[in-house]
Amino acid sequence: MNSTVNLTMPADAGSPSTGFITWGAALVFFMTPGLALFYSGLSKQNNALSLMMMCMLAMAIVTVQFFLFGFSLAFSETGGYFIGDFKMGAISTLGAHSFPYTSPQIPSIAFMVYQMQFATITAALIFGSVPERTRFVPAMIFVFFWTTFVYDFVAYWSWADHGWIRNFACLGNVSAPCFTGAYDFAGGGPVHIASGFSGLAYCLMLGKRKHIHVEHHSLVNVMLGTGILWFGWFAFNGGSAGASNTRAAMASTVTTIAAATGALSWIWFDFIWTRKLSALSFCSGAVAGLVGITPASGFVAPWAAIVIGSFTAISCNLWCRCKKRIGLDDSFDAFSVHGFGGFIGNVLTGIFAQKWVGLLDGTAIDGGWLEHNWIQVAYQLGSSIAIAAWSFGISVIILYLINRVPCLRLRQTEEDEALGGDFVEMGEVGYMLLISEPEAEPTQNTVPLGVLPNGTQISISDGMSNPMAYEGLRKKSLDFRNGNSSHPGHKAQKKESEMSTFSETRGDFLPTVYKTPPV
């Protein structure tokens with residue numbers, strides 16, 4: 001009697017790993033709202049809501065793209081070394097069969113929805129380099145094309161069966177991949193290096209903010225966002241094992257150790273200079289540690305996580321100090337932590353990877369420098385440089401082409417930047433929105449924000465209970481084209497425009513718009 005071995009698991013009666021990955025996908029999804037809170041807290045109050053909206057919009061766009069064809073491009077089993085094909089797109093239903101060499105323990109539909117969450121948060125990470133000056137519509141068009149031509153490509157190189165980074169040692173044999181190449185367990189390259197260097201490209205294309213602020217409007221949001229990110233990272237790294245097994249538990253263990261050591265290293269390093277235990281320093285260090293351990297999480301022992309988390313955090317801290325000296329407005333450190341930290345983490349993976357960690361789920365690896373596999377760091381370095389160069393270069397091309405379209409300029413006008421993305425891009429604000437009739441007198445302790453086309457006045461709480469403090473703010477006039485706004489929603493609604501300069505009381509900019517009642 002003839003018999004065959006079925007490697008594709010045609011039916012799934014309810015395996016524990018399927019539930020593990022499905023809930024892992026939900027936790028990784030939850031990281032995007034966490035990132036939104038993180039970025040929102042770092043912003044000025046008049047951009048808090050719009051930054052959250054950008055993250056969630058990016059999530060929605062990438063979800064649709066990934067289902068239609070992105071997943072197939074990134075994980076096709078029948079592609080070449082450079083990119084996949086469209087055989088697993090939306091018209092080809094994913095089901096209970098698995099990918100024998102990528103995720104053999106779970107059905108393909110579970111693997112797809114899990115990887116989808118990686119793609120969504122990666123696109124949202126980019127906006128940490130360009131907050132408070134980015135227009136929505138061009139940014140969302142960029143997200144769609146960036147996911148297609150950057151993320152899907154580098155994910156395929158790193159994780160797909162035939163990807164060239166995953167198969168450095170056998171690039172001459174397309175038909176039989178050897179899976180001997182760079183290590184990247186959970187996205188040091190496709191997630192962090194790609195988003196960070198793309199953020200750098202976006203930052204350089206847009207230029208600096210007109211009003212760079214030191215204070216952040218809500219460190220409470222930053223702390224909450226960091227906690228959510230840390231929480232979700234257990235599934236981000238642990239779920240990358242592709243099954244509910246010991247290697248997944250190891251990946252989660254080293255993840256939280258690296259986050260803790262990164263947070264402690266950054267906060268104590270800053271304490272040397274400031275003699276303060278800063279919440280922002282703690283959060284920055286935790287994220288840096290998480291970024292550094294991401295590619296290494298399924299390859300290194302717990303003791304190595306301490307080294308990786310600490311070294312990545314201090315390195316990112318030093319780079320953040322340098323970027324201020326060179327005048328780079330990487331506003332919320334998407335490049336400085338994710339791009340730079342991901343690069344460091346990728347290289348350190350080649351040093352500390354050990355065979356016994358891979359064998360926790362039966363995966364044979366050659367280890368890293370600790371086990372005398374000297375070529376591994378070269379693989380890690382080469383893959384990191386390739387992903388960084390591709391991400392930066394393709395992002396510049398996409399951004400340049402979008403910006404050439406007259407109605408799709410990338411950057412807000414100076415006036416819109418002063419008013420804030422919440423009102424300009426959304427017609428809403430995040431905090432204590434006050435809507436007044438056209439002829440109503442200004443309410444005490446509020447900041448007039450703008451005027452809708454029908455004459456309705458929009459204000460927000462000034463945030464200062466002491467009226468004397470408000471009166472102490474000195475305003476300087478800003479000429480917006482002789483008093484005429486360029487924004488369509490503000491035309492013919494204002495007679496005079498003013499904007500306050502830097503507030504010594506609160507450390508931000510307060511846009512103020514005066515108008516006459518509509519005729």
Side-chain angles (χ1 to χ4, degrees), residues 17 20-21 23-25 27-32 35 74-75 102-103 105-106 110-122 125 151 154-160 163 165-166 181-196 229-259 262 286-302 304-305 308-309 312 337-339 341-350 352-353 357-358 360-361 363 365 368 380 383-384 387:
S17 291
F20 173 73
I21 293 299
W23 279 107
L27 293 180
V28 178
F29 168 87
F30 192 43
M31 292 174 69
T32 299
L35 179 70
F75 290 96
T102 305
S103 56
Q105 301 300 318
I106 57 174
F111 183 65
M112 188 273 287
V113 75
Y114 178 73
Q115 287 296 333
M116 179 187 287
Q117 311 318 313
F118 278 60
T120 60
I121 193 171
T122 303
L125 285 171
Y151 181 83
V154 298
Y156 183 85
W157 300 348
S158 303
W159 292 326
I165 286 178
R166 191 179 179 188
Y183 301 146
D184 192 341
F185 193 71
V191 176
H192 299 299
I193 294 177
S195 64
L229 289 171
W230 193 332
F231 173 67
W233 230 293
F234 281 89
F236 193 93
N237 288 353
S240 293
S244 178
N245 56 32
T246 307
R247 197 177 183 193
M250 178 62 73
S252 296
T253 300
V254 299
T255 295
T256 197
I257 291 173
V287 173
L290 290 164
V291 169
I293 199 62
T294 294
S297 54
F299 299 106
V300 301
I308 293 172
T312 304
V337 172
H338 293 277
F343 200 104
I344 291 172
N346 254 17
V347 175
L348 293 178
T349 301
F352 295 104
V357 180
L360 290 174
D361 69 351
T363 301
I365 63 173
Q380 301 299 124
S383 67
S384 300
I387 292 173

Chemist: Looking at every non-hydrogen atom in both residues, tell me the closest pair between Gly238 and Ala248 and how far apart they are.
Modeler: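 Here Gly238 and Ala248 meet closest at O-CB, 3.3 Å.
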
Chemist: Tell me, please, whether Tyr156 has Arg166 positioned over its six-membered ring: NZ or CZ under 6.0 Å from the ring centre and within 45 degrees of its axis?
Modeler: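 That pair does not qualify as a cation-pi contact.
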
Chemist: To the nearest 0.5 angstrom, please state how far the CG atom of Leu229 sits from the CG atom of Leu35.
Modeler: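 So the CG of Leu229 and the CG of Leu35 are separated by 6.0 Å.
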
Chemist: With side chains defined as the heavy atoms from C-beta onward, is the minimum distance between Ser297 and Met250 less than 4.5 Å?
Modeler: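 Contact flag for Ser297/Met250 side chains = no.
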
Chemist: Between the side chain of Thr294 and the main-chain N/O of Gly188, is any donor-acceptor distance below 3.5 Å?
Modeler: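 Absent.
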
Chemist: How many angstroms lie between atom CD of Gln115 and atom OG of Ser240, to the nearest 0.5 angstrom?
Modeler: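 Going from the CD atom of Gln115 to the OG atom of Ser240 covers 6.5 Å.
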
Chemist: Return the minimal non-hydrogen interatomic distance between Phe236 and Phe118, and the atom names on each side.
Modeler: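 Minimum heavy-atom separation between Phe236 and Phe118: O-CZ, 3.2 Å.
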
Chemist: May I ask you to decide if the ring planes of Phe185 and Phe299 are parallel, tilted or perpendicular, using 30° and 60° as cut-offs?
Modeler: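 Geometry flag for Phe299 against Phe185: perpendicular rings.
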
Chemist: To the closest 0.5 Å, what do you measure between OG1 (Thr312) and CD1 (Ile344)?
Modeler: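 Going from the OG1 atom of Thr312 to the CD1 atom of Ile344 covers 5.5 Å.
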
Chemist: Apply ring pair (Phe, Tyr, Trp, His ring centres under 6.0 Å) to Phe352 and list each qualifying residue two or more places apart in sequence or on a separate chain.
Modeler: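 Partners of Phe352 under the ring pair (Phe, Tyr, Trp, His ring centres under 6.0 Å) test: Trp303.
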
Chemist: How long is the gap from CD1 on Ile121 to CE on Met116, to the nearest 0.5 Å?
Modeler: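 One finds 15.0 Å between CD1 of Ile121 and CE of Met116.
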
Chemist: Would you call Leu27 and Phe234 a side-chain contact if the rule is heavy atoms closer than 4.5 Å?
Modeler: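 No. Closest side-chain heavy atoms not under 4.5 Å.
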
Chemist: Parallel, tilted or perpendicular: which describes the rings of Phe30 and Phe231, with under 30° parallel and over 60° perpendicular?
Modeler: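 Plane angle over 60°, so perpendicular.
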
Chemist: Within this structure, what is the CG-CD distance for the pair Leu348 and Gln380, rounded to the nearest 0.5 Å?
Modeler: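 Going from the CG atom of Leu348 to the CD atom of Gln380 covers 10.0 Å.
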
Chemist: Measure across Tyr151 and Val191 and return the closest heavy-atom pair with its distance rounded to 0.1 Å.
Modeler: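 Looking at all heavy atoms of both residues, the shortest contact is CE1-CG2, 4.5 Å.
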
Chemist: At their closest point, which heavy atom of Ala305 faces which heavy atom of Val254, and how far apart are they?
Modeler: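 In this case the closest contact between Ala305 and Val254 is CB-O, 3.5 Å.
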
Chemist: If you compare all heavy atoms of Gln105 against all heavy atoms of Ala243, which two are closest, and at what distance to 0.1 Å?
Modeler: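 Minimum heavy-atom separation between Gln105 and Ala243: CB-CB, 3.7 Å.
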
Chemist: On a heavy-atom basis, which atom in Gly189 and which in Asp184 lie closest, and how many Å separate them?
Modeler: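 Residues Gly189 and Asp184, closest heavy atoms: N-OD2, 2.7 Å.
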
Chemist: Could you walk me through whether Ile21 and Ser103 satisfy the side chain to side chain contact (heavy atoms under 4.5 Å, CB included) test, starting with their C-alpha distance in whole Å, then the side-chain angles of each, then the deciding distance to 0.1 Å, before giving a yes or no?
Modeler: CA-CA 11 Å; Ile21 293 299; Ser103 56; over 6 Å; no

Chemist: Relative to the ring of His338, is the ring of His192 parallel (under 30°), tilted (30 to 60°) or perpendicular (over 60°)?
Modeler: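 Rings of His192 and His338: parallel, under 30°.
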
Chemist: Can you check side chain to side chain contact (heavy atoms under 4.5 Å, CB included) on Val154 and Ile165, steps first, answer last?
Modeler: CA-CA 9 Å; Val154 298; Ile165 286 178; over 6 Å; no

Chemist: Does the side chain of Trp230 come under 3.5 Å of the side chain of Thr256 through a donor N or O and an acceptor N or O?
Modeler: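 Note: Trp230 and Thr256 side chains meet the donor-acceptor criterion.
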
Chemist: To the nearest 0.5 Å, what is the distance between OG on Ser158 and CG on Asn346?
Modeler: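 Output value for this atom pair is 8.0 Å.
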
Chemist: Do Leu290 and Asn237 have side-chain heavy atoms sitting under 4.5 Å apart?
Modeler: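 With C-beta onward as the side chain, the pair stays apart.
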
Chemist: With sequence neighbours left out, what residues match Phe20 under ring pair (Phe, Tyr, Trp, His ring centres under 6.0 Å)?
Modeler: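 Partners of Phe20 by the ring pair (Phe, Tyr, Trp, His ring centres under 6.0 Å) criterion come out as none, since no residue qualifies.
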
